[in-house]
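Accompanying notes for the structure given below.
Note that ligands are numbered from 1 as they come in the structure, with each ligand's atoms numbered from 1 the same way.
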Amino acid sequence: MSYYEKLIFELSKPGRRGAAVPSGTGEVKVPFGDGAKCWRSEAPALPEVSEPDVVRHYTRLSQLNFGVDGGFYPLGSCTMKYNPKVCEDVPALFAGLHPLQDEETTAGARELLSGAERFLCALTGMKHFTFSPCAGAHGELTGLMIIRRYHEMRGDTARTRILVPDSAHGTNPASAAICGLEPVTVPSGPDGLVDPEALRPLLGPDIAGIMLTNPNTLGLFEKHIKEIAELVHGCGGLLYYDGANLNPLVGVLRPGDMGFDVMHVNLHKTFSTPHGGGGPGSGPVGVCEALKDALAQVDGKVSAFHGNFGVIVRAYAYILMLGREHVKELGPFATLAANYIKESLRDKFKLPIDSVCKHEFVFDGLIDDGGREGVPAATTLDVAKRMLDYGFHAPTIYFPLLFHQSMMIEPTETESLETLDECIAVLRKIADEAAVDPSLLKSAPHNTPIGRPDETEAARHPILKFTAEA
Ligand SMILES: *Cc1c(COP(=O)(O)O)cnc(C)c1O
């Protein structure tokens with residue numbers, strides 16, 4: 001094993017130090033006061049290494065992980081876009097703020113919250129927002145609580161079911177169930193869209209509403225949205241908009257104008273904030289005027305104070321930075337980038353639904369997967385693993401569940417044409433490799449520190465720390 005592959009514990013040499021502390025009499029001459037009582041009797045089992053060892057250790061760890069600062073990250077349904085560094089600087093201005101400090105001293109923060117609310121209302125067509133929810137799924141739960149409350153306040157307690165298309169993100173039915181609503185699946189038509197005729201027989205006095213994202217998780221615009229809104233409203237239900245896919249609509253079309261009554265925005269997907277590794281996020285929930293009172297009853301009940309304030313500051317900075325003129329470019333550029341990649345690869349990958357997409361699209365595996373008598377075919381997993389060898393993050397795979405070999409690509413609006421071209425070239429190369437010798441893909445990745453862990457084991461029983469006995 002080379003020096004560079006060793007763990008920091010394996011580099012340890014007894015007595016080696018990174019820094020010297022003066023020790024004239026053998027006792028450290030630092031005044032510890034009463035702290036001395038807390039001294040441990042035995043030294044901790046830490047590696048004994050020099051400063052360069054420590055610096056290299058942490059630098060190496062930081063490079064083991066893939067991040068959007070290091071390369072293209074086309075993870076569909078997640079919007080892993082580049083977020084300007086200035087949006088990281090602005091929250092630092094509020095670092096000293098405490099939610100319990102005297103109101104007189106928090107005017108700036110409160111002004112920022114109402115400014116952010118004005119921006120979100122202008123961009124979505126909603127009338128009021130709460131910033132409490134800390135993620136998209138948390139926003140869904142909050143929004144559904146508002147819907148339940150709205151019906152209850154009208155004395156209508158029979159609405160216990162909520163419609164969710166089969167293409168929905170898994171968080172939708174999960175949030176509904178947590179909120180005590182029974183999710184009812186709406187089947188998609190062959191074009192991947194909600195068919196009003198399939199919806200009609202499901203409607204009735206027990207329906208609290210429908211949860212929809214538009215564009216949907218296939219990246220397709222639900223073109224029957226006006227009819228869907230009329231049908232659901234006609235039976236007394238409400239429309240919930242899963243705003244995780246707001247990106248292609250920013251500055252183009254507003255959920256409020258499509259007939260939605262309640263929605264969340266994933267600030268961490270649409271308006272800056274790096275969100276790899278699961279956090280922190282912000283899922284503010286907006287409502288139309290008729291739901292103002294129901295919102296007031298739920299507001300403040302799902303998290304402390306104003307949720308993840310730092311993420312709201314980033315979103316505010318991002319929107320201000322783009323301004324009225326440039327914010328309108330987000331949607332069109334995200335849409336253009338996705339269609340460009342889709343059209344450039346359609347001769348190599350199966351396109352199950354052939355239509356203009358919005359910010360993301362889904363392939364259903366390779367056209368020529370190399371599979372022959374005695375030669376196992378290259379799957380979507382194999383393509384994804386091979387991409388890592390070429391320095392690209394893999395797209396979302398095996399989601400949505402509508403197809404067996406789903407590969408969901410979302411390039412975002414922040415990548416240059418050169419980066420998109422590079423990604424296309426890599427995917428074309430991988431497709432050609434598969435056609436000739438799928439085993440090359442099946443054993444990929446070849447260049448990463450870890451190849452193919454047992455994904456279930458790695459998620460359920462991750463080994464995250466060094467144990468000396470091991
Ligand atoms: C990401 C996403 C969610 C969930 O948002 P989180 O912030 O991850 O909780 C919900 N719906 C869709 C369509 C998404 O892409």
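Looking at Glu360 and Lys81, no side-chain N of the basic residue comes within less than 4.0 Å of a carboxylate O on the acidic one, giving no salt bridge.
Comparing Asp242, Leu246, Asn216, Leu75 against atom 13 (C) of ligand 1, the shortest heavy-atom distance belongs to Asp242.
Under the salt bridge (Lys or Arg N to Asp or Glu O under 4.0 Å) rule, Glu433 has a single partner from Arg386, Lys442, Arg428, Lys348, which is Arg386.
Here the two rings, on Phe66 and His393, have centers that are under 6.0 Å apart. Between Tyr316 and Tyr318, a ring centre-to-centre spacing not shorter than 6.0 Å is recorded.
Nearest approach of Gly237 to Arg159, heavy atoms of both residues: N-NH1, 4.0 Å.
Inspection of the Glu222 and Asn216 side chains reveals an N or O donor paired with an N or O acceptor under 3.5 Å.
Considering only non-hydrogen protein atoms, atom 9 (O) of ligand 1 sits nearest to Ala137 N, 2.8 Å. For atom 12 (C) of ligand 1, the closest non-hydrogen atom of the protein is Ala244 CB, 3.2 Å.
The shortest N/O to N/O separation between Gly136 and ligand 1 falls below 3.5 Å. Of the N or O atoms in Ser77, one or more lie within a sub-3.5 Å distance of an N or O in ligand 1.
Near Glu140, with a cut-off below 4.0 Å to any heavy atom, the atoms of ligand 1 are 10 (C), 11 (N). For ligand 1, the atoms closer than 4.0 angstrom to any heavy atom of Lys269 are 1 (C), 2 (C), 3 (C), 5 (O), 14 (C), 15 (O). The Asn266 neighbourhood of ligand 1 comprises atoms 5 (O), 6 (P), 7 (O), with distances under 4.0 Å to a heavy atom of that residue. For ligand 1, the atoms sitting less than 4.0 Å from at least one non-hydrogen atom of His268 are 7 (O), numbered in the order shown with element in parentheses. For ligand 1, the atoms closer than 4.0 angstrom to any heavy atom of Ala135 are 7 (O), 9 (O).
Without hydrogens or angle criteria, Asn308 side chain to Gly281 main chain gives a donor-acceptor distance under 3.5 Å.
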### Task
Would you check, one step at a time, whether the test ring-ring contact (aromatic ring centres under 6.0 Å, His included) holds for Tyr398 with His404?
CA-CA 7 Å; Tyr398 301 111; His404 292 302; 9.6 Å; no
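At a heavy-atom cutoff of 4.0 Å, ligand 1 is contacted by no atom of His138, backbone or side chain.
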